[in-house]
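Single-structure report; data block below.
None of the values given here were measured: they were computed from a predicted structure. Reckoned from all heavy atoms, side chains included, excluding hydrogens, waters and symmetry mates. Letters A, B, ... are given to chains in the order of the sequence lines, protein chains preceding strands, and every chain is numbered from 1.
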Amino acid sequence: MAVTLTVNGAEHALDLPREMPLLWALRDALGLTGTKFGCGIAACGACTVLVEGQAARACVLAIGDVWGPVTTIEGLGRPEALAPLQRAWIAHQVAQCGYCQPGQILQAASLLAETPAPTDADIDAAMSGNLCRCGTYGRIRAAIHTAAREMAEG
Amino acid sequence: MSRLGRMTRRTFLVTSAAVAGGVAFLVRKDGQPVPNPLEPGPGETALNPWLVIDGAGVTIVTPRAEMGQGTQTTLAALVAEELDLAWEDVRVMHGPASASYYNGALLALGMPWKEYAASRWQEAAVGSTDVVARLLGLQVTGGSTAMVDGFEKMRRAGAAARIVLVQAAAARLGLAAERLRTEAGAVIAPDGTRLTYSDLAEAAAGIPPPEDPPLRPASGWKLLGRALPRTDMLAKVTGTAEFGIDVRLPCMLFATVRMNPRLGGPMHGFDAGAARAMPGVVEVLDLGTGFAVVATNTWLAFRAADTVRADWGAAPYPADSPAQMQAIAAAFEDHPNATLRDDGDMADSTGNEISAEYAVPYLAHACMEPMNAAARLDGERLDVWCGTQAPMLVRDHCAAALGLKGADVAVHTTFLGGGFGRRGETDFAVIAARVAAALPGRAVQVTWTREEDMRHDFYRPAALARLRGRVAGGRVTGLEARIAAPSITRQMMRRIAGFAPPGPDKTLLEGAFDQPYAIPNFRVAFIECFLDELAQAAGRDPLELRLELVRPEHAPSAAVLEAVAEMSGWGTPLPEGRARGIAFCHSFGTPTAEVVELVQTDAGIRIARVFVACDPGTALDPGILEAQMTSGALFGLSAAVMGEITFAGGIAGQGNFPDYDALRMNTAPQVAVNILQSGGIGGAGEVATPPAAPALANALFALTGRRARRLPLVHDFAFAL
Ligand code: FES
Ligand code: FES
């Protein structure tokens with residue numbers, strides 16, 4: 001039985017098992033490889049996507065349980081039409097290897113949707129599930145503050 | 001017992017070093033980098049394999065893989081600086097992306113492919129002999145880092161290309177070359193006529209390039225010395241950067257692998273009946289010491305692999321951590337097989353003797369992107385796609401595994417989701433090649449689970465150190481360090497000669513490890529911790545004692561110590577419940593000093609702030625350097641606080657991040673970096689890692705009055721994590 005998903009505004013009918021994690025449906029069936037595999041057990045945040053604007057770990061979210069439209073890093077903004085968070089990430093030159101960054105950015109998007117002017121403590125609480133082996137935390141923090149300011153100024 | 005009995009001289013590297021008379025231990029006498037034995041041969045700069053010009057402009061081919069350290073950006077800036085390219089027009093790519101493509105492109109510029117391949121191979125080989133030099137000489141100093149190597153070479157590549165492009169323009173315009181200038185990718189005539197490099201490339205290829213083009217002085221640099229926007233940043237924040245795991249090819253199949261978790265152990269057989277019956281499973285392949293499952297998607301391959309019952313053979317090494325540490329300790333009974341520095345005899349020194357033993361565990365690399373590679377075999381031609389730190393080794397090892405010639409293999413290097421040395425191995429690529437060979441004509445991507453990645457690493461080896469020192473009259477009069485760790489012979493031979501079999505090494509204690517990185521780090525960590533113990537015994541301030549040892553030997557090293565002292569407010573009183581520790585290391589040509597500041601909270605000890613002062617000689621890109629220092633310090637602190645691979649029944653006890661975590665947003669300290677520039681070029685990649693653990697250990701002593709003598713520190717100290 002086909003599962004219907006809305007990803008980055010486009011609807012897809014997928015002939016895949018309902019228990020298949022969203023991560024692999026995105027990566028292997030839809031070719032949206034911006035969402036990364038890091039651990040497979042919700043322990044690193046590399047696979048973070050937005051479901052109805054809220055951060056979710058795609059590696060443990062079955063496609064049959066997806067409760068709303070999905071936004072991946074490819075849908076947040078494009079190279080020629082960047083989202084404020086992506087602009088801030090570039091301004092602060094955040095990424096090193098870059099592998100964790102799509103997940104970091106979407107986790108930050110979820111934070112800012114709920115808390116438009118986060119404190120450092122808010123950032124600690126929201127972002128501590130997203131591992132970065134390159135240790136880019138300081139620049140991530142700065143970029144979140146910058147994006148929050150830019151979004152507040154509209 | 002016979003197995004343990006064999007682990008003597010051959011299997012352990014026991015280093016011993018002794019100095020007497022208060023001589024500084026860590027600083028190379030002359031302060032000079034080890035000379036690079038690979039001088040660019042006649043014609044090598046002229047061959048210029050580093051840039052390709054096509055109709056769209058100039059693409060800079062970077063010889064080093066981008067794994068987060070910003071190397072592509074700085075290597076490209078070196079070329080662009082001399083060639084006068086506008087930074088926003090600079091395009092970069094990993095070389096070689098495709099043998100045939102580059103063959104043509106390089107030939108167009110008069111660059112025979114073979115020369116390029118040969119020089120890459122020599123570089124790999126030189127890197128390895130340099131490791132030997134590093135192990136056998138006292139110094140950690142390498143000299144074989146991207147910037148040390150590329151600083152001249154890349155600028156010469158740009159300068160030589162600029163000269164022939166100007167000459168081509170001069171010939172076309174009938175003007176003297178001196179009357180022309182270059183700007184933003186074009187040659188400009190006095191009347192404003194603009195000829196782009198693209199227009200001129202073909203004609204320029206016919207002009208013999210100068211052997212030794214003049215280079216611009218640092219005072220004239222426009223790009224170097226600035227924090228440039230990284231060339232990989234846009235792709236990495238939009239999800240469009242292609243890592244090995246992201247490679248997608250027509251009709252591609254998705255696979256995973258399970259090798260014996262007892263590293264190097266055999267597989268006596270396996271039952272894949274249930275896996276084969278799952279719809280979407282294409283193939284289950286016997287790989288000898290493990291199996292691969294090929295399916296229509298990665299998740300299915302993972303699930304099917306879980307159903308396979310394999311009969312794994314025993315580990316060819318002591319199966320449990322205590323037995324392994326015992327084997328390492330037993331090596332102290334043997335004679336040292338490497339003496340690093342011997343400037344005197346401890347017996348000749350006077351004063352009170354103190355001694356200490358330190359222990360460090362096995363460590364995994366735990367790259368954020370699990371190991372993976374894609375491959376396709378078409379007839380006699382193999383294509384391999386992966387993030388690799390050693391494309392030539394990937395090519396040769398894959399060719400050997402399939403009985404092909406090196407020339408039949410094309411390696412396509414993607415971005416690396418972390419490398420840390422792990423992607424200098426080739427096992428992941430060879431496995432993909434073997435799987436692809438079973439399905440000719442089909443592209444197959446083999447992705448490891450996190451557990452497979454963590455349990456099949458080339459671990460940094462565990463080690464023990466025994467240190468003795470003497471102090472008299474407030475001075476260190478003697479110091480002896482003995483370090484025992486699994487030897488690296490096998491790994492070194494493989495890297496140099498390339499003939500050891502691909503795949504995980506046979507035994508855990510015979511050296512399937514990342515020792516080039518490890519031994520210098522061990523030495524630094526152990527000695528830097530012990531120096532604090534000696535300072536205490538001598539009644540001296542740890543910074544003051546280090547300065548006294550370092551100052552007569554190497555001024556830039558003393559300067560970084562002074563700089564970090566100033567940044568961190570060393571010596572100024574801290575509120576109750578706060579404490580600092582200091583450590584210093586001269587590695588890869590860059591002296592680096594760090595201060596760690598701790599705070600005792602109700603939840604436990606927090607690493608509040610870290611201060612790093614380093615002197616890479618010349619700050620080619622201060623923004624990237626700052627990121628590298630921060631990253632290196634956090635990597636070292638994560639390992640020191642919680643990094644540990646233990647073994648039970650021959651299998652690593654840690655399989656995923658909950659067991660092998662790192663500092664995170666809420667536990668990572670603020671890091672402040674100060675970059676000094678005393679001239680020349682030092683490395684940047686790893687220099688901030690070695691001092692991190694000893695600075696932390698020394699701060700813990702200052703905070704708690706207890707010495708930290710074994711890692712990871714979580715076993716003996718309560719951190720707020
Ligand atoms: S891959 Fe989903 S949290 Fe790590
Ligand atoms: S940038 Fe490399 S893991 Fe975060």
Side-chain angles (χ1 to χ4, degrees), chain A residues 16-17 20-21 23-25 27-29 31-41 43-44 46 72-79 82-83 85-87 89-90 93-102 105 121 123-141, chain B residues 66-70 227 229-230 232-243 245-248 254 296-300 302 366-370 415-420 447 449-451 623-624 627-628 630-635 638 656-658 661-668 670-671:
Chain A
L16 293 166
M20 183 176 191
L23 171 65
W24 299 110
R27 291 184 54 82
D28 292 0
L32 292 170
T33 54
T35 309
K36 303 303 186 200
F37 166 57
C39 68
I41 57 167
C44 76
T72 70
I73 190 71
E74 292 94 341
L76 189 73
R78 283 169 290 113
L82 296 168
L85 273 164
Q86 292 166 315
R87 273 200 299 278
W89 244 247
I90 291 173
Q93 294 284 295
V94 173
Q96 291 195 29
C97 86
Y99 195 76
C100 73
Q101 299 298 341
I105 290 170
I123 291 174
D124 280 353
M127 303 300 295
S128 62
N130 290 70
L131 184 61
C132 175
R133 287 286 285 158
C134 299
T136 61
Y137 305 117
R139 291 188 182 192
I140 290 174
R141 187 188 298 282
Chain B
E66 181 56 63
M67 50 190 179
Q69 79 284 41
R230 287 174 60 137
D232 54 351
M233 194 56 66
L234 181 65
K236 286 179 176 177
V237 303
T238 51
T240 54
E242 187 183 61
F243 296 86
I245 204 168
D246 300 330
V247 168
R248 292 292 176 268
F254 299 86
T296 50
N297 65 67
T298 308
W299 171 69
L300 186 55
F302 285 178
C367 300
M368 205 68 210
E369 177 193 9
F415 283 121
L416 284 67
F420 316 128
T447 301
T449 61
R450 171 58 59 192
E451 289 78 7
I624 286 174
Q628 282 291 92
T630 303
S631 171
L634 292 184
F635 195 82
S638 289
N656 208 321
F657 293 124
D661 209 344
L663 294 174
R664 293 179 177 245
M665 181 64 83
N666 58 332
T667 48
Q670 283 177 22
V671 182

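- Between chain B and the residues A/Ala126, A/Ser128, A/Ala83, A/Cys97, the largest count of heavy-atom pairs under 4.5 Å involves A/Cys97.
- For B/Ala668, the part lying near chain A is the side chain, with the backbone staying farther off; criterion is any non-hydrogen pair under 4.5 Å.
- For the set B/Ala627, B/Ser638, B/Gly632, the count of heavy-atom pairs under 4.5 angstrom toward chain A peaks at B/Ala627.
- Annotation: the span from A/Asp28 atom CG to B/Arg248 atom CZ amounts to 5.0 Å, rounded to 0.5 Å.
- If you tally non-hydrogen atom pairs under 4.5 Å between each of A/Gly138, A/Pro21, A/Gly40, A/Gly135 and chain B, the highest count goes to A/Pro21.
- Between the side chain of A/Arg78 and the main chain of B/Thr238, no donor-acceptor pair closer than 3.5 Å is present.
- Contacts of B/Arg230 with chain A are made by both backbone and side-chain atoms, with heavy-atom separations under 4.5 Å.
- Looking at every heavy atom in both residues, A/Gln96 comes nearest to B/Lys236 through O-NZ, 2.7 Å.
- Heavy atoms of A/Ile123 lying under 4.5 Å from chain B belong to its backbone as well as its side chain.
- Salt-bridge formation is detected for the pair A/Arg27/B/Asp246: a Lys NZ or Arg NE/NH1/NH2 atom is positioned less than 4.0 Å from an Asp or Glu carboxylate oxygen.
- At a 4.5 Å heavy-atom cutoff, the contact between B/Thr447 and chain A is made by side-chain atoms alone.
- Looking at B/Thr240, the atoms closer than 4.5 Å to chain A (heavy atoms on both sides) all sit in the side chain, from C-beta outward.
- Of the residues considered (A/Gly129, A/Cys39, A/Cys44, A/Gly77), A/Cys39 shows the highest number of contacts with chain B, using heavy-atom pairs under 4.5 Å.
- A donor-acceptor contact shorter than 3.5 Å is absent between the side chain of A/Tyr99 and the backbone of B/Phe243.
- With chain A as the partner, the residue from B/Leu634, B/Leu416, B/Asn297 showing the most heavy-atom pairs under 4.5 Å is B/Asn297.
- Counting heavy-atom pairs closer than 4.5 Å to chain A, the top-ranked of the candidates B/Gly239, B/Ala241, B/Ala633, B/Ala227 is B/Gly239.
- In this structure, chain B has heavy atoms under 4.5 Å from both the backbone and the side chain of A/Leu131.
- With chain B as the partner, the residue from A/Pro102, A/Ala46, A/Ala43, A/Pro79 showing the most heavy-atom pairs under 4.5 Å is A/Pro79.
- With respect to chain A, the highest number of heavy-atom pairs below 4.5 Å among B/Met233, B/Glu242, B/Glu451 belongs to B/Met233.
- Counting heavy-atom pairs closer than 4.5 Å to chain B, the top residue among A/Gln93, A/Lys36, A/Arg141 is A/Gln93.
- Ranked by heavy-atom pairs shorter than 4.5 Å toward chain A, the options B/Met67, B/Gln628, B/Gln670 are led by B/Met67.
- The greatest number of non-hydrogen atom pairs below 4.5 Å with chain B, out of A/Cys134, A/Gly34, A/Gly31, A/Ala29, is found for A/Cys134.
- In plain terms, the two heavy atoms of A/Arg133 and B/Phe635 that are nearest each other are NH2-CE1, 3.4 Å.
- The parts of B/Ala366 that come within reach of chain A are both its backbone and its side chain, each placing non-hydrogen atoms under 4.5 angstrom from that chain.
- In this structure, the portion of B/Phe254 lying under 4.5 Å from any heavy atom of chain A is its side chain and not its backbone.
- In terms of modelled atom types and a separation under 3.5 Å, the side chain of A/Gln86 and the main chain of B/Val237 share a donor-acceptor contact.
- Taking all atoms of both residues into account, the shortest heavy-atom contact from B/Arg450 to A/Gly38 is NE-O, 2.8 Å.
- Relative ring orientation between B/Phe302 and A/Phe37 is described as tilted, the plane-to-plane angle lying within the 30° to 60° band.
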